[in-house]
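The model shown is predicted, which means the values in this text are computed figures rather than measured ones.
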Amino acid sequence: MTETPAKPTAKKAATKTATKTATKTATKTATKTTTATKTTTAARKTTAEKAPAKKTAAAKPAAAKKTTAKKAPAKATAKKAAPARKPESRVAMVRRARRINRELAELYPYAHPELDFGNPFELLVATVLSAQTTDLRVNQTTPRLFAVCPTPEDMAAIPPEQLEELIRPTGFFRAKAKSLIGLSTALRDRFGGEVPGRLEDLVTLPGVGRKTANVVLGNAFGVPGITVDTHFGRLARRFGWTTAQDAEKVEADVAEIFPKSEWTMLSHRVVFHGRRVCHSRKPACGACPVAPLCPSYGEGETDPEKAKKLLKYELGGQPGQRLKPPADYPGQPALPLAAS
């Protein structure tokens, strides 16, 4: 018997063993490779996830810097802001107000009503015409008017169209003509053609309010009164005498500060100052003699040389508003309407 077939069996067994060993080795290698790959991927993910955190952390200082940069101007502004004024007592305000009045009296010893008039009726008519226009334009208009209508009786009888034409330069001539005819008729019929010397009577006339009545009483009858026009009201608020906007309230507030004997001249001085120095839009603060006493100093031009250029009328070397000013007026008379 031969044993030759056994050899192939041994070979097969050897082959099987080799194959198994190779397979196990390959599997182990593959497993190691996969594990390594997973580890690498996981490491990359972790790095990727950590990166934004670093970025955010890095961004924080930048954001902080920006916030600081934004806050910086606010600090600068706070440094520049003027210190708050200490509250002023009532007594201190009254003393300061009266000092302002004395200073204005020295500056304007010639203060006067800036309407030309020869009697109470002329002053009453001129004051009614002065609404919404300048005293200069009224003074340029009234000579012709009083040549035609010298008395209340004459004005009450004039045709409205003729009166309108005479007062046209003052503006709002239709409404003003109606008031003038109405008050002239009332003077003729109720007061014997005379202008009454009492506030209670004057304010019953058409077109006559407290301001007009006080102008007439103070300057034609010598009865003290405070004239609150736009200039007076503006300065009274700038000086800190009142905070009111209503003319009657301003009058009442100011009347409590000054003695009655000063009311009429105080009105002239304050109005003079408002027209010449303390203007509505561009006050000449740098040329104002009462600036140290004014809580509103700085609202206008503070440079002295520039402020001087803002002065008006006699302080600015220009004609005044009256064609016939008082003898002590230091400026030039205004020109007639035709020449202006």
Is there a side chain to side chain donor-acceptor pair (under 3.5 Å) between Glu262 and Asn101? Walk through the geometry before answering. CA-CA 9 Å; Glu262 286 289 309; Asn101 183 37; 2.8 Å; yes

Given the rule in the side-chain contact (heavy atoms from CB on, under 4.5 Å) test, do Val270 and Leu104 qualify, once you have shown the distances and angles that lead to the verdict? CA-CA 7 Å; Val270 172; Leu104 293 180; 4.2 Å; yes

side-chain contact (heavy atoms from CB on, under 4.5 Å) assessment of Val228 paired with Lys211: CA-CA 6 Å; Val228 183; Lys211 184 199 89 169; 5.7 Å; no

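Contacts classified as salt bridge (charged side-chain N to carboxylate O under 4.0 Å, His left out) and involving residues 98-118 (residues at least two apart or in different chains) are given here: Glu114-Arg275, Glu114-Arg276, Asp116-Arg322. Judged as a ring-ring contact (aromatic ring centres under 6.0 Å, His included), not a single pair has a partner in residues 199-237 (not counting sequence neighbours). Pairs passing the salt bridge (charged side-chain N to carboxylate O under 4.0 Å, His left out) check and including a residue from residues 218-227, sequence neighbours excluded, do not occur. For the salt bridge (charged side-chain N to carboxylate O under 4.0 Å, His left out) condition, no pair includes a residue of residues 169-184, sequence neighbours left out.
The two residues Ile226 and Ser267 have their closest heavy-atom pair at CA-OG, 3.3 Å. In this structure, Ala156 and Thr185 approach most closely via the heavy-atom pair CB-OG1, 3.6 Å. Nearest approach of Val223 to Thr264, heavy atoms of both residues: O-OG1, 3.9 Å. Considering every non-hydrogen atom in both Ala97 and Ile257, the closest pair reads CB-CG2, 3.7 Å. Closest heavy-atom contact between Gly320 and Ala334: O-CB, 3.2 Å. When every heavy atom of Val138 is checked against every heavy atom of Ala126, the shortest pair comes out as CG1-O, 3.6 Å.
One hydrophobic cluster holds both Leu115 and Phe121 under the rule that ILVMFWY side chains link at heavy-atom gaps under 4.5 Å. Leu235 and Met265 fall into different hydrophobic clusters, defined by Ile, Leu, Val, Met, Phe, Trp and Tyr side-chain heavy atoms under 4.5 Å apart, directly or through other members. Residues Phe172 and Val128 are members of separate hydrophobic clusters, defined by side-chain heavy-atom contacts under 4.5 angstrom among Ile, Leu, Val, Met, Phe, Trp and Tyr. Hydrophobic clustering places Ile181 together with Val125 (ILVMFWY residues linked when any side-chain heavy atoms are closer than 4.5 Å, directly or through intermediates). Clustering ILVMFWY residues whenever any of their side-chain heavy atoms sit less than 4.5 angstrom apart, transitively, puts Leu199 in the very cluster that holds Val216.
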Which side-chain N or O atoms in residues 284-292 pair as donor and acceptor under 3.5 Å with protein atoms at least two apart or in another chain?
none

Kindly list each side-chain donor-acceptor pair under 3.5 angstrom involving residues 188-197, sequence neighbours excluded, with atom names and distances?
from   : atom 1 : to     : atom 2 : distance (Å)
Arg190 : NH2    : Thr204 : OG1    : 2.8

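For Arg238, the salt bridge (charged side-chain N to carboxylate O under 4.0 Å, His left out) criterion is met by Glu299, not counting sequence neighbours. Looking at residues two or more places apart in sequence or on another chain, you find a ring pair (Phe, Tyr, Trp, His ring centres under 6.0 Å) between Phe239 and Trp241. When the ring pair (Phe, Tyr, Trp, His ring centres under 6.0 Å) test is applied to Phe173, no partner is found at least two apart in sequence or on another chain. Annotation: side-chain hydrogen bond (donor to acceptor under 3.5 Å, both in side chains) contacts of Arg168 (sequence neighbours excluded): Glu165. Residues satisfying the salt bridge (charged side-chain N to carboxylate O under 4.0 Å, His left out) criterion with Lys249, sequence neighbours excluded, are Asp253. Here Arg90 pairs with Glu256 under the salt bridge (charged side-chain N to carboxylate O under 4.0 Å, His left out) rule; sequence neighbours left out.
With Glu301 as the partner, the side-chain contact (heavy atoms from CB on, under 4.5 Å) test is satisfied by one option alone out of Lys306, Lys308, Lys282, Lys309: Lys306. With His273 as the fixed residue, the side-chain contact (heavy atoms from CB on, under 4.5 Å) test singles out one of Leu315, Leu107, Ile100: Leu107.
Contact of the His268 side chain with the Asn219 side chain is registered, since non-hydrogen atoms from C-beta on lie closer than 4.5 Å. Contact annotation: the side chain of Pro169 approaches that of Leu337 to within less than 4.5 Å [non-hydrogen atoms, C-beta and beyond]. In this structure, Pro333 and Leu323 have side chains that are not in contact, with every pair of non-hydrogen atoms separated by 4.5 Å or more. Between Val148 and Gln162, some side-chain heavy-atom pair lies under the 4.5 Å cut-off. Phe272 is not listed as a side-chain neighbour of Tyr313, based on a closest heavy-atom distance of 4.5 Å or more. The closest side-chain heavy-atom distance from Leu145 to Leu163 is below 4.5 Å. Considering only heavy atoms from C-beta on, Thr134 stays 4.5 Å or farther from Asn139 through its side chain. The closest side-chain heavy-atom distance from Thr212 to Leu202 is not below 4.5 Å.
Between the CD atom of Gln140 and the CG atom of Leu335 there is a distance of 7.5 Å, given to the nearest 0.5 Å. Expressed to the nearest 0.5 Å, how far CZ of Arg237 lies from OG1 of Thr242 amounts to 7.5 Å. Interatomic distance, Ser130 OG to Asp135 CG, rounded to the nearest 0.5 Å: 5.5 Å. In this structure, the separation between OG1 on Thr142 and CG on Leu166 is 11.5 Å, given to the nearest 0.5 Å. Taking CD1 of Ile167 as the start and OG1 of Thr141 as the end, the distance is 9.0 Å to the nearest 0.5 Å. Atom-to-atom distance recorded for Arg234:CZ and Gln245:CD is 12.0 Å, nearest 0.5 angstrom.
Taking the six-membered ring for Trp and thresholds of 30 and 60 degrees, His112 and Tyr329 have ring planes more than 60 degrees apart, a perpendicular arrangement.
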